Amino acid sequence: MSRKILIVEDEESLRITMGDRLASEGYHVIEAKTGTQGLELGRNETIELIILDIMLPEVDGFTVCKKL
């Protein structure tokens, strides 16, 4: 079973680049575009690591971190 990483990043090109690189290293990557999506995935998935942007639409990264 591969380790699961959640990337919460609103900039698509950055999210894709990080996701592709981590996937090539064998990680299972889940992506979220907004803080709300990040919260939902962080609560409903078993995540090993979260890469979290601070300035996100809907809910900022600090709030996502505190709530998770």
Side-chain angles (χ1 to χ4, degrees):
M1 183 170 115
S2 65
R3 293 187 174 166
K4 202 179 288 187
I5 295 177
L6 171 61
I7 298 173
V8 187
E9 170 61 59
D10 58 329
E11 187 178 322
E12 184 177 14
S13 61
L14 185 55
R15 192 175 63 248
I16 290 170
T17 301
M18 285 190 293
D20 288 349
R21 179 65 182 150
L22 290 165
S24 75
E25 294 294 328
Y27 294 97
H28 177 79
V29 178
I30 300 173
E31 299 176 4
K33 299 176 189 176
T34 68
T36 303
Q37 289 175 341
L39 273 172
E40 183 178 323
L41 289 169
R43 288 177 174 156
N44 296 322
E45 299 282 339
T46 303
I47 305 292
E48 298 284 329
L49 174 73
I50 300 175
I51 299 173
L52 179 61
D53 187 13
I54 299 302
M55 296 177 59
L56 293 165
E58 299 174 8
V59 180
D60 68 78
F62 289 118
T63 302
V64 171
C65 188
K66 286 178 191 175
K67 289 186 176 187
L68 291 177

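Predicted, not measured: the structure shown is a model, and the values here were computed from it. For the numbers below, each heavy atom of this structure counts, side chains included, while hydrogens, waters and symmetry mates do not.
To the nearest 0.5 Å, atoms CZ (R21) and OH (Y27) are separated by 10.5 Å. Remark: K33 NZ to L56 CG distance equals 13.0 Å, nearest 0.5 Å. A distance of 11.5 Å separates CE in M55 from CD in E11, rounded to the nearest 0.5 Å. Atom CD of residue E58 and atom OG1 of residue T34 lie 4.0 Å apart, to the nearest 0.5 angstrom. Expressed to the nearest 0.5 Å, how far CD1 of I5 lies from CD of E45 amounts to 13.5 Å. Taken from CD1 in I51 to CD in E31, the straight-line distance is 10.5 Å, to the nearest 0.5 Å.
Smallest separation of non-hydrogen atoms from G38 and A32: N-CB, 3.6 Å. Closest heavy-atom contact between I47 and I50: CG2-CG1, 3.7 Å. Of all the heavy atoms in R43 and K67, the pair that sits closest is NH2-CB, 3.8 Å. Residues G61 and L52 approach most closely at O-CD2, 3.2 Å, considering heavy atoms. Across V64 and G35, no two heavy atoms sit closer than the pair CG2-O, 3.6 Å. Contact detail for I7 and M18: the closest heavy-atom pair is CG2-CE, 3.6 Å.
Linking Ile, Leu, Val, Met, Phe, Trp and Tyr residues whenever their side-chain heavy atoms come within less than 4.5 Å places L22 and L14 in a single cluster. Both V59 and L68 belong to a single network of hydrophobic side chains, linked directly or stepwise wherever heavy atoms of I, L, V, M, F, W or Y lie under 4.5 Å apart. Tracing side-chain contacts under 4.5 Å through hydrophobic residues (I, L, V, M, F, W, Y), one reaches L39 starting from V8; they form part of the same cluster. The hydrophobic clustering, which links ILVMFWY residues whose side-chain heavy atoms are closer than 4.5 Å, places V29 and L41 apart.
Using modelled atom types, one side-chain atom of N44 and one backbone atom of E40 make a donor-acceptor pair closer than 3.5 Å.
More than 12 non-hydrogen atoms from other residues, nucleotides or ligands lie less than 6.0 angstrom from NZ of K4.
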